[in-house]
Amino acid sequence: MTKPLHTEIPLNPHVAGLPPYNAGMSIAAAQKHSGRQDIAALASNENPDGCSPDVAAALANLNPSRYSDPACTVLRAVLSHKLGVPAERIVAGNGSEEMIAAVCRAVLRPGALAATVCPGFGLHEIEALANGAKVEKVAMRTDLNFDIPAIVAMLERAPVIFFLSSPSNPVGPALDRESLERILAAVTPQTLLVLDEAYFEFTDADMPDGLAALSATDLSWVVLRTFSKAYGLAGLRVGYAVMSDARLARAVTAAKTPFNVNAAAQVAAVAALADEAWMRSSVAALKRERARVSEAVAAMGLSAARSQTNFLFIDVGWDSRAALNHFLSKGIIVKPWKEEGYETFIRVTIGTPSENDRFLDALRALAKREG
């Protein structure tokens with residue numbers, strides 16, 4: 001008897017054609033690819049210092065048999081005190097990535113216009129597309145700074161959501177006060193401005209606080225922040241979104257999954273917030289290394305954006321995937337950029353001083369090969 005042909009069920013067309021997320025290579029994959037064990041993982045912008053010792057101490061008392069608090073009550077209360085924002089306007093997530101997905105689910109309808117910048121964080125586009133929106137992008141300027149007139153022009157079209165990361169991921173610069181004010185003045189009542197401040201802690205003292213600036217307006221907005229970068233909790237996945245109003249926060253809460261932030265992540269985030277001195281010390285050291293590495297890259301005659309993050313976006317003059325293979329041969333993971341027009345760029349995390357020296361040596365070798 002002939003076996004009947006398998007019938008494929010139809011897929012959600014908004015999801016079936018999504019572009020892949022450009023995730024960094026794991027250490028295990030790099031070891032297998034390169035044959036080396038001494039891997040410098042400089043692709044995913046993790047904190048090379050790890051996290052506060054207080055986090056490990058707090059986790060030692062965790063009972064993993066109990067469900068986490070679905071409301072993240074303690075964490076939201078601590079964030080409320082720190083930020084001066086009512087807890088009812090704060091939503092915690094499984095990384096700020098989950099908050100991007102929940103915001104899109106809460107606000108977007110099929111056919112709606114969502115906008116962002118290019119190059120940009122892939123999930124700003126992917127999550128909007130997954131909800132049936134059409135996405136348009138505003139390119140960064142050729143000098144790798146924000147194109148403020150082009151952003152203003154896009155905002156005048158009143159997209160339903162405008163995603164803007166400042167500091168920019170993957171490029172690095174942050175909006176100065178004047179640029180931020182011009183953008184806020186252009187936002188219409190029909191647009192939800194989502195300001196992604198995942199790298200806020202790495203900005204220089206003269207850079208504006210986006211949350212404070214938005215709080216002084218009557219706009220609809222979301223500010224995204226995370227514990228993955230400066231606080232060193234990337235593996236535990238915890239971030240949060242601050243909303244302009246409680247109604248929006250309730251909608252985003254309804255759009256996320258229950259028990260979304262696990263118990264370990266909640267305990268770790270609260271402990272990390274209690275040891276801000278550790279975070280500030282780590283960030284200060286990383287910023288010094290950022291300056292040193294930036295100067296060395298410039299001395300090679302290579303183009304890199306001025307960074308307000310813990311990474312650099314560098315035009316290496318090679319196809320980024322070929323450059324990745326070069327760095328892997330030296331035991332170094334970088335992230336090759338793949339967006340159209342930026343295929344010769346890599347993004348590299350600021351690591352420990354010795355890791356950064358290894359990267360610079362490998363970059364010099366690549367530059368000599370080019371010449």
Is [X] atom [atom1] crowded by more than 12 heavy atoms from other residues, nucleotides or ligands, each under 6.0 Å away?
X    : atom1 : value
R321 : CZ    : no
H81  : NE2   : no
R105 : CZ    : no

Please walk me through it: do D196 and L164 pass side-chain contact (heavy atoms from CB on, under 4.5 Å)? CA-CA 6 Å; D196 192 335; L164 182 61; over 6 Å; no

Residue pair [X] / [Y]: nearest heavy atoms and the distance that separates them:
X    : Y    : answer
M140 : S168 : CE-OG, 4.2 Å
L75  : A269 : CD1-CB, 3.8 Å
R364 : A296 : NH2-CB, 4.3 Å
A271 : A58  : CB-CB, 3.8 Å
W278 : G50  : CH2-O, 3.2 Å
P167 : T203 : CG-CG2, 3.4 Å

Treating [X] as the side-chain partner and [Y] as the backbone partner, does any N or O pair qualify as donor plus acceptor under 3.5 Å?
X    : Y    : answer
S52  : A272 : no
D54  : D275 : no
N63  : S65  : yes
S96  : T226 : no
R141 : D147 : no
T349 : N45  : yes
N260 : A92  : yes
T217 : L219 : yes
D69  : T73  : yes
S34  : A30  : yes

Would R347 pass as a cation-pi partner of F313, given that its NZ or CZ must be under 6.0 Å from the six-membered ring centre and within 45 degrees of the axis?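 No cation-pi geometry.
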
In plain terms, say whether [X] and [Y] are close enough for a salt bridge, that is, a side-chain N and a carboxylate O under 4.0 Å apart.
X    : Y    : answer
R182 : E178 : no
E136 : R157 : yes
E295 : R292 : no
E201 : K229 : no
K82  : E276 : yes
D361 : R358 : no
K287 : D204 : yes
K137 : E339 : yes

Residues D209, R225; criterion salt bridge (charged side-chain N to carboxylate O under 4.0 Å, His left out); working and verdict: CA-CA 12 Å; D209 180 329; R225 291 186 181 171; 3.1 Å; yes

Min side-chain heavy-atom separation [X]-[Y] under 4.5 Å:
X    : Y    : answer
F146 : I151 : yes
S228 : L233 : no
L360 : V297 : yes
L184 : L214 : yes
L273 : L79  : yes
L42  : I333 : no
D315 : L302 : no
S165 : H124 : yes

Steps toward side-chain contact (heavy atoms from CB on, under 4.5 Å) verdict (S80, I90): CA-CA 8 Å; S80 173; I90 301 172; 4.2 Å; yes

Return the [atom1] to [atom2] distance between [X] and [Y], rounded to the nearest 0.5 Å.
X    : Y    : atom1 : atom2 : answer
L193 : L155 : CG    : CG    : 7.0 Å
N310 : R290 : CG    : CZ    : 8.5 Å
M300 : L366 : CE    : CG    : 10.0 Å
L195 : S166 : CG    : OG    : 6.0 Å
M279 : C51  : CE    : SG    : 13.0 Å
S294 : L312 : OG    : CG    : 4.0 Å

In this structure, would [X] and [Y] fall into the same cluster of hydrophobic residues linked by side-chain contacts under 4.5 Å?
X    : Y    : value
V78  : L211 : yes
V242 : F200 : no
Y231 : L59  : yes

I'd like to know if the side chain of T188 pairs up with that of Q190 as donor and acceptor (distance under 3.5 Å, no hydrogens or angles considered).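 T188 vs Q190: donor-acceptor pair found between side chains.
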
Can you tell me if D176 and S179 form a side-chain donor-acceptor pair at under 3.5 Å?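 Yes.
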
R250 and E88: salt bridge (charged side-chain N to carboxylate O under 4.0 Å, His left out), yes or no, with the steps? CA-CA 8 Å; R250 286 193 296 271; E88 65 178 3; 5.4 Å; no

Only one of V74, L62, V261 clears side-chain contact (heavy atoms from CB on, under 4.5 Å) with Q266; which?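 Exactly one candidate clears the test, V261.
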
Please give the remaining members of the hydrophobic cluster of V103, linking ILVMFWY side chains under 4.5 Å, ordered by chain and number.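 Its cluster mates, by chain and number, are V15, L18, Y21, V91, M99, I100, V107, L108, F121, L123, I126, L129, V135, V160, I161, F163, L192, V194, V222, L224, M243, L248, V252.
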
Take E97 and N94 through the side-chain contact (heavy atoms from CB on, under 4.5 Å) test and state the conclusion after the steps. CA-CA 7 Å; E97 290 94 337; N94 181 24; over 6 Å; no

